[in-house]
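To keep things clear, I will list the structure first and then write my remarks on it.
Residue numbers run from 1 in the order of the sequence given. The structure displayed is predicted, hence computed values, not measured ones.
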Amino acid sequence: MLRWILRLVFYAPFAFGLALFWATQYGGETVELETVDDRGTSFFTTLWVVDLHEQPWLRAGDPEAAWLQRLERDPEVFLVRDGERVAYRAEIEAGSAERVNAAMREKYGRADQVVAVLHDPARVVAIRLVGKSAFDE
């Protein structure tokens, strides 16, 4: 019995890590968000996306995430979706986290349930992407 418990304690983190990797990489549609740091270096972050009112929305489970900090400093970003790279301006929408979480749950199902273990829904940051043509005019 002790051996079984030790195996469970040893392998459980590995199993959760594998489930998390599967959920984030194969749980549904992913996009690449390109953000730029203060030196002009581009960074690509793989994220999930949902479409609400014909606009793409992202979420950050951690308000201290490096990609979110870069986006806050420079909201002009690019989103690579289905092989197409499109310019957007990112807008943080403080009151929309619950709606974005619900849309993510609906779209990504069990994969979202696995990922949701890692973040507090009250700390989620919702990001709306506004198309470049909409803010150039």
Side-chain angles (χ1 to χ4, degrees):
M1 180 69 161
L2 179 60
R3 209 177 243 175
W4 185 83
I5 292 171
L6 289 174
R7 284 185 185 148
L8 180 63
V9 168
F10 180 77
Y11 288 113
F14 175 74
F16 180 74
L18 190 59
L20 183 61
F21 175 78
W22 173 85
T24 58
Q25 299 302 312
Y26 303 107
E29 178 188 17
T30 59
V31 295
E32 292 286 320
L33 180 71
E34 182 181 352
T35 54
V36 179
D37 70 6
D38 295 335
R39 296 175 295 173
T41 304
S42 290
F43 291 85
F44 293 86
T45 306
T46 302
L47 299 167
W48 286 346
V49 63
V50 292
D51 295 304
L52 299 172
H53 307 292
E54 299 182 17
Q55 290 181 312
W57 288 70
L58 308 171
R59 74 171 171 198
D62 177 8
E64 304 301 319
W67 68 268
L68 181 60
Q69 291 176 4
R70 287 189 300 272
L71 179 146
E72 288 173 328
R73 283 192 300 274
D74 182 2
E76 306 301 316
V77 299
F78 289 95
L79 189 73
V80 180
R81 187 176 193 181
D82 296 326
E84 185 178 349
R85 184 174 180 259
V86 178
Y88 290 96
R89 180 175 52 219
E91 297 180 353
I92 294 175
E93 298 288 336
S96 298
E98 190 172 312
R99 185 167 50 123
V100 171
N101 280 336
M104 292 278 184
R105 258 191 318 276
E106 183 178 325
K107 182 174 181 177
Y108 294 98
R110 292 215 189 277
D112 184 65
Q113 290 174 335
V114 172
V115 172
V117 170
L118 297 179
H119 63 259
D120 176 2
R123 296 187 69 210
V124 166
V125 178
I127 302 110
R128 178 170 58 121
L129 300 180
V130 178
K132 185 132 173 91
S133 62
F135 64 84
D136 274 348
E137 299 171 356

Applying a strict under-4.5 Å side-chain criterion to I, L, V, M, F, W and Y, I'd like to know whether [X] and [Y] cluster together.
| X | Y | result |
| --- | --- | --- |
| Ile92 | Val124 | no |
| Val36 | Leu58 | no |
| Val80 | Trp48 | no |
| Phe78 | Leu71 | no |
| Leu47 | Phe43 | no |

Closest non-hydrogen atom pair, [X] against [Y]:
| X | Y | result |
| --- | --- | --- |
| Asp74 | Val77 | O-CG1, 4.1 Å |
| Pro56 | Asp51 | CA-OD1, 3.5 Å |
| Gly61 | Pro63 | O-CD, 3.9 Å |
| Ile127 | Ala60 | CD1-N, 4.0 Å |

Residues forming a side chain to side chain donor-acceptor pair (under 3.5 Å) with Gln55, sequence neighbours excluded: Arg128
Side-chain donor or acceptor of Tyr108 paired with backbone N/O of Glu29 under 3.5 Å: yes
Sidechain-backbone polar pair: Lys107 side chain, Val49 backbone, donor-acceptor under 3.5 Å: yes
In Å and rounded to the nearest 0.5 Å, what is the [atom1] to [atom2] distance from [X] to [Y]?
| X | Y | atom1 | atom2 | result |
| --- | --- | --- | --- | --- |
| Glu32 | Ser42 | CD | OG | 12.0 Å |
| Asp62 | Leu68 | CG | CG | 8.5 Å |
| Arg81 | Thr30 | CZ | OG1 | 10.5 Å |

Pairs meeting criterion salt bridge (Lys or Arg N to Asp or Glu O under 4.0 Å) with involvement of residues 33-44, two or more places apart: Glu34-Arg85, Asp37-Arg39, Asp38-Arg73
Check: Arg70 and Thr45 side chains under 4.5 Å, non-hydrogen atoms: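 Result yes, sub-4.5 Å side-chain heavy-atom pair found.
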